[in-house]
Peer 1: 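Sharing a structure here in structure tokens format.
When a ligand or atom number is given, it counts from 1 through the structure's own listing order. For clarity, every value in this text was computed on a predicted model and none was experimentally measured.
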Amino acid sequence: MTPPYRSEIRLRLDDPAAQRDVIALGYRREGIARGAGPDREDLVVWARLADDPEGPSPRALPDLPGGELTDGVIRVRPVRSEDLDGWYELRSLPEVVATSVPPVAPPRAEVERLFAYAESRWLAGEAAAMSIVDARSGSFAGQIALYYFQPHHREGMLGYGVLPAFRGRGYARRAVELVTKWAFTEARLQRVVAGTAVGNIASQKALQAAGFEVEARQLGMLPAPDGGRIDSVLYVRRRP
Ligand SMILES: CC(C)(COP(=O)(O)OP(=O)(O)OC[C@H]1O[C@@H](n2cnc3c(N)ncnc32)[C@H](O)[C@@H]1OP(=O)(O)O)[C@@H](O)C(=O)NCCC(=O)NCCS
């Protein structure tokens, strides 16, 4: 009997180990089957065709080499459940809410879901969500993510925030430098961009210190907490 031309597997979004197994077998991610699980949870659809190439399927966002990036002062690594309280605290701060899209404080359950699905999104090549850790104390200091919305252009977008107790020490600049270097060398991106609200001087200085330059002013790009719109200054760094 001839084997079937198409083999399909549906997996839970919070089961990255199973997704790594099917990636190793050459399955490709096709999308999300909404509410398809037994408890009406979303499932990820993976499939392999008989004439797909042998070996693991390609990943747009590889794992961090050795599991983390470090410059000796900070460590940047994928989010872990122990970071959840710090993440929730950070995402609830008014100045962080004001720079979030949409500009609303996420309920705790949303942050928990974000953590549960973070590795799935990384494996999907959609986003790499990482925590910034103070290397000396091991404390959670902030958050940085690389969103890969434009894979065809090989352009990624950064988002980040640092807890007030760790601000002004260069942690944002260091995290931006580490992640941008990884994006160019390991993920082979050509452009890394970051949009900052016009008045967000701290973020703009951190980007400039990390070698980014202003590319454009995006009119009314960002939704404001009061329902209005704010201009964004778009920064870019190109692959050397
Ligand atoms: C923006 C933010 C991430 C900066 O974090 P940080 O770790 O304090 O930044 P750094 O220490 O790397 O500072 C970078 C530069 O900004 C300067 N800076 C820091 N805070 C500043 C402030 N409030 N006003 C003006 N400049 C400031 C620093 O002096 C430094 O400049 P230098 O390189 O010339 O010395 C942090 O303030 C934050 O989390 N803000 C709220 C969320 C946010 O705005 N996220 C970014 C969205 S685009």
Peer 1: Please tabulate, for the side chains in residues 173-181, all donor-acceptor contacts under 3.5 angstrom to protein atoms that are two or more places apart in sequence or on a different chain.
Peer 2:
{"from": "Arg173", "atom 1": "NH1", "to": "Glu177", "atom 2": "OE1", "distance (Å)": "3.3"}
{"from": "Arg174", "atom 1": "NH1", "to": "Asp71", "atom 2": "OD2", "distance (Å)": "2.9"}
{"from": "Thr180", "atom 1": "OG1", "to": "Val176", "atom 2": "O", "distance (Å)": "2.6"}

Peer 1: Does NZ or CZ of Arg121 fall inside the cone over Tyr117's six-membered ring, less than 6.0 Å from its centre and within 45° of the axis?
Peer 2: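 Judged by the rule (NZ or CZ under 6.0 Å from the ring centre, within 45° of its axis), Arg121 is not positioned above Tyr117.
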Peer 1: Using a 4.0 Å heavy-atom cut-off, say whether Thr99 meets ligand 1 through its side chain, its backbone, both or neither.
Peer 2: side chain
Peer 1: Taking side chain to side chain contact (heavy atoms under 4.5 Å, CB included) as the definition, give me every residue that meets it alongside Gln190, ordered by chain and number, with sequence neighbours left out.
Peer 2: Arg154, Arg239
Peer 1: Is it the side chain (CB and beyond), the backbone, both or neither of Asn200 that lies under 4.0 Å from ligand 1, heavy atoms counted?
Peer 2: side chain
Peer 1: Could you tell me which atoms of ligand 1, counted from 1 in the order shown, lie closer than 4.0 angstrom to a heavy atom of Arg169?
Peer 2: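 The list of qualifying atoms is 11 (O).
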Peer 1: Where on Arg174 is there a heavy atom closer than 4.0 Å to ligand 1, on the side chain, on the backbone, on both, or on neither?
Peer 2: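 The answer is neither; Arg174 stays 4.0 Å or more away.
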Peer 1: Would Ala194 count as a contact residue for ligand 1, given that I'm defining contact as a non-hydrogen atom of the residue lying under 4.0 Å from a ligand atom?
Peer 2: no
Peer 1: Would Ala98 count as a contact of ligand 1 if the rule is a heavy atom under 4.0 Å away?
Peer 2: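 The answer is no, since Ala98 has no heavy atom less than 4.0 Å from ligand 1.
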Peer 1: State whether the shortest distance between N or O atoms of Leu90 and N or O atoms of ligand 1 falls below 3.5 angstrom.
Peer 2: no
Peer 1: Which of the atoms of ligand 1 are close to Ala172, meaning less than 4.0 Å from one of its heavy atoms?
Peer 2: 3 (C), 4 (C), 5 (O), 6 (P), 7 (O), 9 (O), 12 (O)
Peer 1: Identify, by atom number and element, the atoms of ligand 1 in contact range of Gly195, meaning under 4.0 Å from any of its heavy atoms.
Peer 2: 48 (S)
Peer 1: Less than 3.5 Å apart, any donor N or O on the side chain of Glu112 or Tyr88 sitting next to an acceptor on the other?
Peer 2: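 The criterion, which ignores hydrogens and geometry beyond distance, is not satisfied for Tyr88 and Glu112.
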Peer 1: Verify whether one side chain among Asp51 and Tyr5 offers a donor that lies under 3.5 Å from an acceptor in the other.
Peer 2: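 Yes.
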Peer 1: Of the listed options (Gln143, Arg91, Arg167, Glu95), which comes nearest to atom 37 (O) of ligand 1 when hydrogens are ignored and any heavy atom counts?
Peer 2: Arg167
Peer 1: Can you list the atoms of ligand 1 that are under 4.0 Å from a heavy atom of Gly161?
Peer 2: 39 (O)
Peer 1: Heavy-atom contacts with Ala206 under 4.0 Å: which atoms of ligand 1 show up? List them by number with element.
Peer 2: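 Listed by number with element: 14 (C), 15 (C).
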Peer 1: Can you list the ligand 1 atoms lying under 4.0 Å from a non-hydrogen atom of Gly170?
Peer 2: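 Going through ligand 1 atom by atom, the ones under 4.0 Å from Gly170 are 10 (P), 11 (O), 12 (O).
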Peer 1: Arg173 versus ligand 1: do any nitrogen or oxygen atoms come within less than 3.5 Å of each other?
Peer 2: yes
Peer 1: Gly168 heavy atoms, cut-off 4.0 Å: which ligand 1 atoms fall inside?
Peer 2: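 Taking each heavy atom of Gly168 in turn, ligand 1 has 6 (P), 8 (O), 11 (O) under 4.0 Å.
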